[in-house]
Amino acid sequence: MSVKKLADSALATFDHDYVSDAAFAAIAARIRGDFPDGRFSFLDIGGGKGFFADRVLTEFPECTGVVLDNADLLLYANAENPRKRLVLGSATDLQAIFPAERFDVAFFNFALHHFIGTSYADTRRLQRESLRQAALMLTSAGRIAVSEITYNGALVDNLPSHVVFRLTSSKALAPVVARLGANTAGTGVCFMSAKTWQREFDRLGLATAVTREPAPARSLRSRLRLAAVSAGSVVNAHFWLTPKRQERPAR
Ligand SMILES: C[S@@+](CC[C@H](N)C(=O)[O-])C[C@H]1O[C@@H](n2cnc3c(N)ncnc32)[C@H](O)[C@@H]1O
């Protein structure tokens, strides 16, 4: 299964930290709850320019982190930090990239919806596979943190996911969809409902705690998203996931 790479024009729009201050505070509280001494290692998958990683490194002066991204344009724009390492590669190849390394926290901040394959089903498999590999790379106390914009249909729960995927992945519709404000026009994007994510996590054996917040105004600006809102609600969800399996390598 191959994953599509985002166009440079789309990458250029990823110029800020998508995690709000309130969400960051909630995530920091989860980290403190599970790693009270503040000594942990993290992998920020699809970490882009490293804004989120830098905040974590500042908040927890004893932690170390790796930022992984498949876009050199973003990765090499990271600020230098002796406690931060940069790795160029795809989230769908985690096991090959890190055959022996283990992490206490694996973050997927607003990244999973960009792991796009040749069809909707293929895309869902890529997302699942990436999460599965991340779970295998955790220490025995490890956690996965997923932040996603969830699109929740009013009548059919995961319908907006299919509609937005169809519209954005169509090459023929790309000029129109781009004009509607989608930076992923012609490539595709796979937002899902909160319930659908929950089912995915259940299926992967990940126990879930969730924090929710309204999607920020800037993510509602595009008319494409507004169309999806009218079909239900758009909510940022932050999932803190604990693998239920016991046979992972010890920390
Ligand atoms: C919306 S940005 C989010 C950036 C950052 N995590 C944040 O929350 O601010 C999505 C990021 O996912 C990265 N990405 C997309 N597909 C990827 C893949 N297959 N492997 C690794 N990173 C990927 C993009 O290059 C980009 O940095």
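Counting convention: from 1, in listed order, for ligands and their atoms alike. The structure displayed is predicted, hence computed values, not measured ones.
- Residue-ligand proximity, D17 to ligand 1, at heavy-atom distances under 4.0 Å covers atoms 9 (O).
- Here's the thing with H113: none of its N/O atoms is less than 3.5 angstrom from an N/O atom of ligand 1.
- Within the structure, ligand 1 has G89 among the residues with a heavy atom less than 4.0 angstrom away.
- Of the protein's non-hydrogen atoms, the one nearest atom 5 (C) of ligand 1 is G46 O, 3.5 Å.
- Distances shorter than 4.0 angstrom do not occur between any heavy atom of F52 and any atom of ligand 1.
- Cation-pi geometry between R166 and Y120 is not met at under 6.0 angstrom from the ring centre and within 45 degrees of the axis.
- Near H16, the atoms of ligand 1 lying under 4.0 angstrom from a non-hydrogen atom of the residue are 9 (O).
- Ranking protein heavy atoms by distance to atom 14 (N) of ligand 1, first place goes to N70 OD1, 3.7 Å.
- Near H114, the atoms of ligand 1 lying under 4.0 angstrom from a non-hydrogen atom of the residue are 1 (C), 10 (C), 15 (C), 16 (N).
- Below 4.0 Å from some heavy atom of G48 lie the following atoms of ligand 1, by number and element: 27 (O).
- With sequence neighbours excluded, the residues forming a side chain to side chain contact (heavy atoms under 4.5 Å, CB included) with D15 are K49, listed by chain and number.
- Between V56 and F24 the shortest side-chain heavy-atom distance falls below 4.5 Å.
- By the 4.5 Å heavy-atom criterion applied to side chains, V235 and E213 are not counted as neighbours.
- Near A71, the atoms of ligand 1 lying under 4.0 angstrom from a non-hydrogen atom of the residue are 25 (O).
- Remark: A53 engages F42, D44, V67, K84 in a side chain to side chain contact (heavy atoms under 4.5 Å, CB included) (not counting sequence neighbours).
- The shortest contact between atom 19 (N) of ligand 1 and any protein heavy atom is with S90 OG, 3.1 Å.
- Looking only at heavy atoms of the protein, atom 27 (O) of ligand 1 is closest to D69 OD2, 2.6 Å.
- Between F110 and F14, the distance from one ring center to the other does not fall under 6.0 angstrom.
- Of all protein heavy atoms, the one closest to atom 20 (N) of ligand 1 is A91 N, 2.8 Å.
- When hydrophobic clusters are built by joining Ile, Leu, Val, Met, Phe, Trp and Tyr residues whose side-chain heavy atoms come closer than 4.5 Å, directly or via intermediates, L75 is not grouped with F115.
- Inclusion of L74 in the set of residues having an N or O under 3.5 Å from an N or O of ligand 1 is not warranted.
- Contacts of F115 with ligand 1, taken as heavy-atom pairs under 4.0 Å, involve the side chain alone.
- Only the side chain of L11 comes within contact range of ligand 1, with a heavy atom under 4.0 Å; no backbone atom does.
- Listed for the N70 side chain is no donor-acceptor partner under 3.5 Å among the backbone atoms of S90.
- Contact check for N236 versus P214: no side-chain heavy atoms found under the 4.5 Å cut-off.
- In this structure, V105 and F35 have side chains that are in contact, with non-hydrogen atoms separated by less than 4.5 Å.
- Between F191 and the choices H162, H113, H114, the ring-ring contact (aromatic ring centres under 6.0 Å, His included) rule is met once, by H113.
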Verdict with supporting geometry, F98 and F103, ring-ring contact (aromatic ring centres under 6.0 Å, His included) = CA-CA 10 Å; F98 304 100; F103 298 93; 5.4 Å; yes

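- Neither the backbone nor the side chain of K49 comes within contact range of ligand 1; no heavy atom lies under 4.0 Å.
- With a 4.0 Å cut-off on non-hydrogen atoms, Y18 touches ligand 1 through its backbone as well as its side chain.
- Considering backbone and side-chain atoms alike, T92 places every N or O at 3.5 Å or more from each N or O of ligand 1.
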